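Have a look at the structure below before the remarks.
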Amino acid sequence: MAGLSGTRPRVLLLVTGGIAAYKSCYLARLLVQAGFSVRCAMTEAGARFVSPMTFEVLTGAPVATDLWGEGATEALDHIQYARWADIAVVAPATANTMAKAAAGLADNMVSTLLLAFPGPVVMAPAMNDNMWRHPATRAAQRVLSERGVEFVGPGEGFLACGTTDEGRMAEPEQILAAVRHLAGSLPPRPADAEELPERAAITGATSWAGCRVVVTAGPTCEPIDPVRFVANRSTGAMGYALAAAAAHAGASVTLITGPVALPPPRGLERLVSVETGRQMADAVEAALSGGADWLIMCAAVADFTPAEFAPGKLKKDVLGDTWMLRMVRNPDILGEVVPAHRASGVKVVGFALETEDVVARAMGKLRAKGLDFIVANNPAASGSGFGNVAHELILLGPGGELWRSGSRAKEALAPLLLQRLAQAAAGVGP
Ligand code: C5P
């Protein structure tokens, strides 16, 4: 990726209305994984095949769909992405969009961005074989090729219209290869090129890029003796998904984890493994002392810990038929450790696991612990649960309910929750 002196090449992915749009989700992911900074715009028809939300999650940025500035990309100047990008990729490129581009029409977000974009363009056509062979499409392709547009595909294969012929969109890997090739020969970006903060939500949300985020996850284990402990059913799945999503969005993430059976998420700044609530309190204290912009307390910290630790295994014949285990309160990390750090401006998110009066009880905790946000969840509700299953969250702020997620996989929930948190912190969004 030469030519851009250290900064990540910026790819504008333009998705038009073909069934092959589903393959562009994978293309978006490949581009991000290959180190490109990716933004996406879609035609209305494209957005009927795949939800803009999918690309929003994959690219971590708003998807431009509406030329008239309504809806999610309200604050997005309609050609901002054209000024920002180094390379534009149209995938799938329909016959309609090819014809418009060849004629210089600008009647939707994609055709307008294409007309406003002066840099190199890759097109991956996808259409019915007769449309592809039509003289109008051939003429459009000729015109576009002469102007320097690079075509990838279409290939032969099974088409959505039921025939097997030429018209199938090239595979995402082939398109990625073409983009990589182009990126290698890009001239240096002009000094006055449009700057969008990396992954910033142009809707006004703050960016996670460069944020110092501390996430706690999992249960804590409170030892009774060398072989026994008191713990809870938290698996760490939600906290790990949040840490992974924050790292993916460019945050510098410290994950403080109780004992779980999950592999560490990729891209963490620091992983701190603890066992007990006391150790977790000390780790949070140390992380906040080092400076943090967000603390996301997702861990299920045990409320009580055995009053004494027995250095040798307790014998059941000594304990008798009924064993009274004396427990004492663990430090309340949010209530007791965090307040001393509030002056630093750290934004604090708690989690409330409730099985009754979920919203009211969570609001009570938000107020009692002086939190910025609380995420209420009920693992017993239908569509929710412990571990790597679908789950439903309710995000609350001091003014009440901000967002209900609906039941989704935890990996899918995590980036959405981060996005809502950033928007709420920036004072935008619902
Ligand atoms: O009051 P409750 O334990 O239900 O509050 C849950 C929230 O408080 C979670 O964010 C959890 O991580 C945090 N917590 C804490 N210290 C504890 C127990 C829970 O910070 N000892």
Side-chain angles (χ1 to χ4, degrees), residues 213-223 229-243 246 253-260 272-289 292 294-307 327-342 346-381 384 386 391 393-398 402 405 410 413-414 417-418 420-421 424-425:
V213 180
V214 179
V215 181
T216 67
T220 63
C221 285
E222 311 295 329
F229 59 81
V230 179
N232 58 63
R233 294 189 61 198
S234 169
T235 63
M238 191 67 227
Y240 271 54
L242 281 165
V253 180
T254 298
L255 174 61
I256 301 171
T257 177
V260 297
V272 184
S273 296
V274 300
E275 291 260 331
T276 65
R278 176 73 261 167
Q279 290 167 354
M280 187 167 276
D282 293 344
V284 169
E285 166 66 36
L288 294 185
S289 298
W294 288 83
L295 169 65
I296 303 180
M297 272 299 297
C298 197
V301 187
D303 292 314
F304 292 90
T305 191
M327 308 276 280
V328 293
R329 278 253 188 206
N330 248 339
D332 182 337
I333 302 174
L334 282 176
E336 296 160 26
V337 176
V338 176
H341 295 275
R342 293 307 303 248
V346 60
K347 287 178 271 302
V348 180
V349 185
F351 274 67
L353 191 144
E354 307 289 349
T355 51
E356 286 146 33
D357 294 337
V358 177
V359 170
R361 293 180 70 97
M363 275 312 283
K365 282 183 184 172
L366 176 140
R367 292 201 184 100
K369 301 193 186 204
L371 308 176
D372 295 297
F373 303 101
I374 196 155
V375 181
N377 56 135
N378 174 0
S384 289
F386 287 105
H391 202 60
L393 302 176
I394 306 167
L395 175 63
L396 305 163
L402 295 169
S405 68
K410 286 179 184 168
L413 274 179
L417 177 60
L418 291 182
R420 297 292 170 158
L421 282 169

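One-based numbering along the sequence shown. The shown structure was predicted, so the numbers you read here are calculated from the model rather than taken from an experiment. When a ligand or atom number is given, it counts from 1 through the structure's own listing order. Computation of the quantities below employed the complete heavy-atom set of this structure, encompassing side-chain atoms and omitting hydrogens, waters and symmetry-equivalent molecules.
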Report yes if some N/O of [X] lies less than 3.5 Å from some N/O of ligand 1; otherwise report no.
| X | value |
| --- | --- |
| K365 | yes |
| A300 | no |
| L334 | yes |
| C298 | no |
| F351 | yes |

Any atoms of ligand 1 less than 4.0 Å from a non-hydrogen atom of G350? List them with their elements. 10 (O)

Under 4.0 Å from any heavy atom of I333, which atoms of ligand 1 are there? 15 (C), 16 (N), 17 (C), 20 (O)

Short question: side chain of [X], backbone of [Y] - any donor-acceptor pair under 3.5 Å?
| X | Y | answer |
| --- | --- | --- |
| N330 | D303 | no |
| N377 | A352 | yes |
| E285 | A281 | no |
| N232 | P219 | no |

At under 4.0 Å between heavy atoms, is it the side chain or the backbone of A352 that contacts ligand 1, or both, or neither? neither

Using the rule given for side-chain contact (heavy atoms from CB on, under 4.5 Å), can you reason through W294 versus V215, listing the C-alpha separation, both sets of side-chain angles and the distance that settles it, and then say yes or no? CA-CA 8 Å; W294 288 83; V215 181; over 6 Å; no

Atom 21 (N) of ligand 1: the protein heavy-atom neighbour that sits closest, reported with distance to 0.1 Å: P331 O, 2.8 Å

protein heavy-atom neighbour closest to atom 17 (C) of ligand 1 works out as V301 CB, 3.5 Å

Taking the minimum heavy-atom distance to atom 1 (O) of ligand 1, which of K369, R278, E336 ranks first? K369

Per atom 3 (O) of ligand 1, closest listed option by heavy atom (D303, V349, L353): D303

Examine ligand 1 and decide if any of its atoms is less than 4.0 Å from a heavy atom belonging to A299. yes

Contact check, G335 vs ligand 1, heavy-atom distance below 4.0 Å: no

What heavy-atom pair brings V230 and P306 nearest, and what distance separates the two atoms? CG2-CG, 4.3 Å

